[in-house]
Number of protein chains: 2
Amino acid sequence: MSENKGLLDIRKMRILQAIVDDYIMTAAPVGSRTVSKRSDMGLSPATIRNEMSDLTELGFLEQPHTSAGRIPSEKAYRLYVNHLMDSAKLTDDEADYIKKHLDTRVHEVSEVIRQTARVISDMTNYTSMVMVPQFSALKVKRVTLIPVSEGSAMAVVVTNTGVTKNAMIRIPEALSPEDIEKLSKLITQKLDGHKLNEAVESVLPQIRAEIGEQADAVCEMIEDIERSMSETNVEVVGASNILDYPEYSDAAKARQFLTEVETGSYLQKVLAESSDVEMSVRIGTENDNPEMQDCSVVTVTYKAGGKNIGTMGVVGPTRMDYGKVMAVLKYMSSSLSEILSKLLK
Amino acid sequence: MSENKGLLDIRKMRILQAIVDDYIMTAAPVGSRTVSKRSDMGLSPATIRNEMSDLTELGFLEQPHTSAGRIPSEKAYRLYVNHLMDSAKLTDDEADYIKKHLDTRVHEVSEVIRQTARVISDMTNYTSMVMVPQFSALKVKRVTLIPVSEGSAMAVVVTNTGVTKNAMIRIPEALSPEDIEKLSKLITQKLDGHKLNEAVESVLPQIRAEIGEQADAVCEMIEDIERSMSETNVEVVGASNILDYPEYSDAAKARQFLTEVETGSYLQKVLAESSDVEMSVRIGTENDNPEMQDCSVVTVTYKAGGKNIGTMGVVGPTRMDYGKVMAVLKYMSSSLSEILSKLLK
DNA sequence: GTTAGCACTCGAAAGGGATGAGTGCTAACA
DNA sequence: TGTTAGCACTCATCCCTTTCGAGTGCTAAC
């Protein structure tokens, strides 16, 4: 038996690939006849049957019941994604579609993010999610405080890449507008060129050392700003697409999926965890959220100015068109990176 | 026949009420026996049958087929909402629930809105939507421009109520930070005390008259600000609740509803249109969006400082628990109004 | 005007083949 | 030794029929 990837001989791999491909398209158990016809290997159904029997024993296939075909196990999807998938390229039509629907003239980050999510969801027909650029990882250029009412102000942070974000923070009461302006300048000066998340550790002690009396108030404000800014925000689009797939024809299951997606906490967590790998795939029970264990989540990162600044991805049934999803995500990652790189400088 | 509301005698009204009440709870056609038992009118099923037959002829009831019970028509719901509904009050438990889940310490408007939407959706088990306070109807107190990059700046508008909002706008290129600061002050001075939406009409001509050369640029910026600010934003929560109702057990129908809700444009339109009536109810085909014609939408307005500043509501199946929804919305309207009134000054 | 009685309707649920896709095994073939 | 044809067997699905019962409408009596 000629080994390959230390797992299966080539013929078994090809058969498994054919089965997964077919199952992804039809959602129906695949029989030996179908495989024999579709995979142009010139093998009879009987031979395929023997191989399928082996694959079942090895844990790559499952049988809903004796007289049905086989469906891929999670292990099969894993193998499929790692080794045997046609890593599809987008057709010209698809690339055109994206170009047409990504309006590069838009100049607001949140708008670009929304569009991106929309396009991913439309192209894949799954649920897409795009994290807005990670803020506290960017270098601060300017911080402006705008008095709003006694005790509160709006802090607007501008980074060197031009991304801005704002949040309400508490400020000491009884500050005159001039004091506030001074504070703005002071904080800007202290944070300039630092990343927000690092600043809290590196700059705060400095400030405490340098400035005497007001230090505490200033430090608290900076911490407050950092806290508000590091809230990750995720745009989720196309949740209802899940209803197109027969595995979610059961209302209770669909409901569970949609509720989980609406709260978004798990998706947010996945995006955050995947922020340092170019592409990640979580299949079924590889998700540690029990509500999502018959879903798969694929993520990619995107960059601006050469640095990863965010993650985006797709959630759908485990029977997902991984090839297409990964192709779309790759394409969108570079599109978005390009747009943001231009936009943010 | 003793007339009432110029439409139906009292007995018919009570019977209709019993039918609607029952149908709202069970979603199953209501038979004469049930009505006879549940409405304590001491009438036999046969009598009820005669009345129901009349009500059918009058267009208040419909018969799915001969041997089923009756279900209320839209006309019946309309009558029910207008005249015969028990305008339920919340139980103490419910009021407690709301108090517990509305964290009054939160000091960010968008957070309050999100909570409100969450609570409405949880209490009614329908889909809730809450419009963030209408911005351009508030009086401007200060406008700050923060340079972001060549040609663009972030405009932050603070109103006299303390609500703030910000948006990226285009600015003339080649402005120094000092110029921008001057512009901030100029615009603040011009807009101070005016409502944004009125300012465009009343203040712009003034500016054009007073300032010579730079007028065009300034006016454009103000218009740009107004445009960005008047975008209404709606928080929608609990869309997946719809899957709990048997009328949406059909995946295609559910999908249609969810897609419509996700885009949100119709809901946004309804909220906007209803911003001047304390409470509005749109039943079924009273919605002009064909996709929503078997839904009902109930809205209420909320205030701050005595003025309407926003609308919120609930979407659900026409067979909706109008009594409860309206009670919850009323309660939430006054809660939110109170919180915002405090929060915004 | 109200009610009991009764025949009638018709959807929903339950039962019961027939169908056919698919399997596993065996025996023959190259 | 690997491949294949043949065949008996399995079992979900489809479709048809029957049964069941909730509910109606009508009539006649109270």
Side-chain angles (χ1 to χ4, degrees), chain A residues 1-3 8-16 18-20 22-23 25-73 246-247 249-250, chain B residues 1-3 8-16 18-20 22-23 25-73 246-247 249-250:
Chain A
M1 192 196 281
S2 93
E3 293 284 321
L8 294 174
D9 65 51
I10 290 180
R11 198 169 73 175
K12 281 198 175 56
M13 302 260 286
R14 286 198 56 191
I15 290 175
L16 189 55
I19 295 175
V20 176
D22 193 83
Y23 187 70
M25 278 182 41
T26 65
V30 186
S32 50
R33 245 183 95 75
T34 319
V35 178
S36 164
K37 266 191 280 181
R38 288 193 74 253
S39 76
D40 43 352
M41 304 172 66
L43 291 174
S44 78
T47 311
I48 304 283
R49 270 208 291 286
N50 288 327
E51 295 289 38
M52 284 170 78
S53 182
D54 290 352
L55 284 168
T56 307
E57 245 173 56
L58 292 167
F60 290 100
L61 294 178
E62 284 162 10
Q63 230 170 343
H65 55 86
T66 331
S67 73
R70 307 294 214 283
I71 62 174
S73 69
E247 35 269 82
S249 60
D250 176 41
Chain B
M1 194 198 280
S2 92
E3 292 285 322
L8 295 173
D9 64 50
I10 290 180
R11 199 169 71 175
K12 281 199 175 52
M13 302 261 287
R14 288 199 51 193
I15 290 174
L16 188 55
I19 294 174
V20 176
D22 193 83
Y23 187 70
M25 278 182 41
T26 65
V30 187
S32 51
R33 243 182 97 75
T34 319
V35 178
S36 164
K37 268 191 281 180
R38 287 193 75 256
S39 75
D40 45 352
M41 303 172 69
L43 291 173
S44 78
T47 311
I48 303 285
R49 272 209 290 285
N50 289 327
E51 294 289 39
M52 283 170 78
S53 182
D54 289 354
L55 283 168
T56 306
E57 243 174 57
L58 291 167
F60 290 99
L61 294 179
E62 284 161 9
Q63 233 171 339
H65 54 87
T66 332
S67 73
R70 308 291 215 282
I71 63 175
S73 68
E247 34 272 81
S249 58
D250 176 40

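Every chain is numbered from 1 and lettered A, B, ... according to where its sequence line falls, protein lines coming before strand lines.
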Listed partners of A:S44 passing side-chain hydrogen bond (donor to acceptor under 3.5 Å, both in side chains), at least two apart: A:T47
Side chain to side chain contact (heavy atoms under 4.5 Å, CB included) partners of B:D250, counting only residues at least two apart: B:A252, B:K253
Distance, rounded to the nearest Å, where B:D22 contributes CG and D:dA22 contributes C1': 14 Å
Minimum heavy-atom distance A:A18-A:V35, with the two atoms named: CB-CG1, 4.2 Å
Stem list, DNA chain D (Watson-Crick or G-U pairing under 3.5 Å, at least 3 consecutive pairs): C:1-30 with D:1-30
Pair A:K37 + A:D22, salt bridge at N-O below 4.0 Å: no
Minimum side-chain heavy-atom gap B:R38-B:I19 below 4.5 Å: no
Under the side chain to side chain contact (heavy atoms under 4.5 Å, CB included) test, residues paired with A:A27 that sit two or more places apart: A:P246, A:E247, A:R319
So which protein N/O to nucleotides 15-21 of chain D N/O distances come out below 3.5 Å?
none

Test side-chain hydrogen bond (donor to acceptor under 3.5 Å, both in side chains) applied to B:T56 - qualifying residues, sequence neighbours left out: B:R70
A:I15 vs A:M41 side-chain heavy atoms within contact, under 4.5 Å: yes
Atom pairs and distances, side-chain donor-acceptor, residues 57-69 of chain B, under 3.5 Å, sequence neighbours left out:
{"from": "B:Q63", "atom 1": "NE2", "to": "B:T66", "atom 2": "O", "distance (Å)": "3.3"}
{"from": "B:H65", "atom 1": "ND1", "to": "B:S67", "atom 2": "N", "distance (Å)": "3.4"}

Considering all heavy atoms, the nearest A:M52-A:S32 contact: SD-CA, 3.8 Å
From CA spacing to verdict: salt bridge (charged side-chain N to carboxylate O under 4.0 Å, His left out), A:R14, A:D40: CA-CA 10 Å; A:R14 286 198 56 191; A:D40 43 352; 3.5 Å; yes
Residues which pass side-chain hydrogen bond (donor to acceptor under 3.5 Å, both in side chains) with B:D54, listed by chain and number, not counting sequence neighbours: B:K12
Partners meeting side-chain hydrogen bond (donor to acceptor under 3.5 Å, both in side chains) with B:S249 (sequence neighbours left out): none
Residue met sooner reading DNA chain C from 5', once B:P64 and A:Q63 are mapped to nucleotides: B:P64
Any residue of residues 43-54 of chain B with a heavy atom less than 4.0 Å from an atom of DNA chain C: B:L43, B:S44, B:A46, B:T47, B:R49, B:N50
DNA chain C contacts made by residues 30-38 of chain B, counting heavy atoms under 4.0 Å: none
Heavy-atom contact window of chain B on DNA chain C, given 5' to 3' at under 4.0 Å: C:dT2 to C:dG11
A:L43 side chain reached by A:S36 side chain, heavy atoms, under 4.5 Å: no
